[in-house]
Amino acid sequence: MNATPGTASRKVMVEARDVSKNYGAFEVLSSINLRVHQGEVVCIIGPSGSGKSTLLRCMNHLERVNAGRLFVDGELVGYRQEGHRIYELKPGEVCLRRRDIGMVFQHFDLFPHMTALENLCLAPQVVLKRPKASVAKDAMALLQRVGLADKAHHYPSQLSGGQQQRVAIARALSMQPKIMLFDEPTSALDPELVGEVLKVMQDLAKSGMTMVVVTHEMGFAREVADRVVVMDGGRVIEDGPPEQIFSNPRTDRTRSFLDRLLA
C-alpha cells in the first residue's frame with residue numbers, strides 16, 4: 001500500500017484490508033489492500049471488468065464485502081464489530097454513516113421532478129435536519145462553485161449532460177462529506193462536455209478534498225492524481241505516483257493496458 005510522500009502524518013481516510021467480493025463463484029475483488037490519506041487524490045484505472053467500480057461501491061456499502069474490512073475515517077463501512085464478530089448495520093444506520101461519503105455516479109441520477117436547487121437541498125434537510133433557509137443559501141453557493149448559479153431553478157431535462165453532472169457533484173458536496181467517490185463521472189457525457197466536469201473535479205482536488213476516482217481519463221489521472229492505482233482481475237497490480245505509472249510501469253499488464261489506451 002503506497003502513500004503519497006508527505007502523507008504519512010495525515011489521517012487515513014479510507015483503508016481496505018484484504019477485501020474480497022464474490023458474485024456466486026465469480027471473484028470480483030481478491031484481497032484488496034489500499035489506503036487513502038486525508039487530502040489525497042487517488043485515481044483507479046484498469047480494463048473494464050477489473051473490479052474498479054465494485055471496489056468504489058464497497059467503500060460506501062452499496063455492495064457488501066464477502067471478506068476483509070473496509071474503513072472510512074476509522075469506522076467500519078456498513079458494519080459494527082463486537083469482540084471478534086461483526087454485524088451488519090441496519091439500513092438507517094448505514095445511511096447515517098454514508099452521509100460522510102459523497103458519491104458521483106456515471107449517470108447523474110438527479111430527481112427529475114426537482115430543480116437543481118431542490119436536488120441540492122433535499123438531503124441536508126431530511127438527513128441532517130438543517131433549516132431550509134440555511135440549506136438553500138449553502139446550495140446556491142455550491143451551484144456558484146460549479147458554475148451553475150444561473151441554472152438553480154432549471155429542471156434536469158433543461159440541462160446538458162455536463163451541467164447535470166456538475167449538479168450531481170454539488171449535490172454530493174451539499175452533505176459536507178469527508179471524502180468524495182467518483183465512478184467514471186464523464187463516461188456518459190458527449191466528448192465536448194467532459195472538460196467542464198473535469199475542471200470542477202480539478203478545482204475540488206485543489207481545495208484539499210479527499211477523492212477516489214475511477215476513470216478512463218488518463219490526462220486527468222496524470223495531472224491531478226497524487227497516486228494512481230491499477231487494477232486487473234480484481235486485484236491491485238500497481239500503485240504509485242502518476243509519473244511512475246505512466247512513464248515507467250512496473251508490470252507488463254499495466255504497460256499493455258496503457259499502450260492500448262494511449263495509442
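Numbering of residues begins at 1 and proceeds along the displayed sequence. Owing to the predicted nature of the structure, the values given are computational and were not obtained by experimental measurement.
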Correct closest heavy-atom pair for P47 and K52 would be O-NZ, 3.1 Å
Close side-chain approach of L117 to M140, heavy-atom, < 4.5 Å: yes
Could you tell me the separation between the CZ atom of F182 and the OG1 atom of T215, rounded to the nearest 0.5 Å? 10.5 Å
Relative to the ring of H61, is the ring of Y79 parallel (under 30°), tilted (30 to 60°) or perpendicular (over 60°)? perpendicular
Backbone N/O of K199 and side chain of Q202: donor-acceptor pair under 3.5 Å: no
Considering non-hydrogen atoms only, spot the tightest contact between P124 and L120 and give its length. CD-O, 3.2 Å
Non-hydrogen side-chain atoms of V228 and P241 separated by less than 4.5 Å: no
Check: R166 side chain, V146 main-chain N or O, donor-acceptor pair, under 3.5 Å: yes
Is there a path from L89 to V72 through hydrophobic residues (I, L, V, M, F, W, Y) whose side chains come within less than 4.5 Å of each other? no
Determine, step by step, whether R130 and D138 satisfy the salt bridge (Lys or Arg N to Asp or Glu O under 4.0 Å) criterion, reporting the C-alpha distance in whole Å, the side-chain angles of both residues, the deciding distance to 0.1 Å, and the verdict. CA-CA 11 Å; R130 293 184 55 204; D138 289 349; 2.6 Å; yes
When you measure from the side chain of R97 to the backbone N and O of E75, does any donor-acceptor pair fall under 3.5 Å? no
Roughly how far, to the nearest 0.5 Å, is the OG1 atom of T115 from the CG atom of L143? 9.0 Å
Rounded distance (nearest 0.5 Å) linking atom CD1 of I101 with atom CD1 of I179: 7.0 Å
Going hydrophobic residue to hydrophobic residue with side-chain gaps under 4.5 angstrom, can you get from V126 over to M114? yes
To check you understand the geometry: which heavy-atom pair defines the closest contact between M180 and I169, and what is its length? CE-O, 4.1 Å
Residues two or more places apart in sequence or in another chain: which of them pass side-chain hydrogen bond (donor to acceptor under 3.5 Å, both in side chains) with D252? R255
Tell me whether the NZ or CZ atom of R171 lies within the 45° cone about the ring axis of F111 and under 6.0 Å from its centre. yes
Donor-acceptor contact present, side-chain E238 to main-chain T251, <3.5 Å: yes
CD (Q106) and CG (L189) are apart, to the nearest 0.5 Å, by 10.5 Å
Considering residues at least two apart in sequence or located in another chain, which fulfil the side-chain hydrogen bond (donor to acceptor under 3.5 Å, both in side chains) criterion with T186? E217
Non-hydrogen atoms of S247 and R222 that approach each other most closely: OG-NH1, 4.4 Å
N60 side-chain N/O to R98 backbone N/O, donor-acceptor pair under 3.5 Å: no
Short question: side chain of Q165, backbone of F105 - any donor-acceptor pair under 3.5 Å? yes
Closest heavy-atom pair, R99 versus L128, reported as atoms and distance to 0.1 Å, is CD-CD2, 3.8 Å
Please determine whether a side-chain nitrogen of the Lys or Arg among D73 and K11 lies less than 4.0 Å from a carboxylate oxygen of the Asp or Glu. yes
For the backbone of A116 and the side chain of K151, can you confirm whether one donor and one acceptor N or O come within less than 3.5 Å of each other? no
Just by modelled atom types, is the K90 backbone N or O under 3.5 Å from a matching donor or acceptor in the E93 side chain? yes
Once rounded to the nearest 0.5 Å, what's the spacing between atom OG of S30 and atom CG of N66? 11.5 Å
In short, P156 meets P112 closest at the heavy-atom pair CD-O, 3.8 Å
Carefully, step by step, assess E63 and K21 under the rule salt bridge (Lys or Arg N to Asp or Glu O under 4.0 Å). CA-CA 9 Å; E63 296 281 357; K21 170 68 181 177; 3.7 Å; yes
With no hydrogens and no angle check, is any side-chain donor or acceptor of Q81 less than 3.5 Å from a backbone partner on G83? yes
Using 0.5 Å steps for rounding, measure from the CE atom of M231 to the CD1 atom of I237. 9.5 Å
Any side-chain to backbone donor/acceptor pair from D18 onto S31? Under 3.5 Å, distance only. no
Would L148 and V135 show up in the same hydrophobic cluster when neighbours are defined by side-chain heavy atoms closer than 4.5 Å? no
Is the count of non-hydrogen atoms from other residues, nucleotides or ligands lying under 6.0 Å from R235 atom CZ greater than 12? no
Looking only at the aromatic ring of each residue, does the gap between the centers of H113 and Y155 stay below 6.0 angstrom? no
Is the shortest side-chain heavy-atom distance between V127 and M175 below 4.5 Å? yes
Out of M201, M13, E40, which residue meets the side chain to side chain contact (heavy atoms under 4.5 Å, CB included) rule with M211? M201
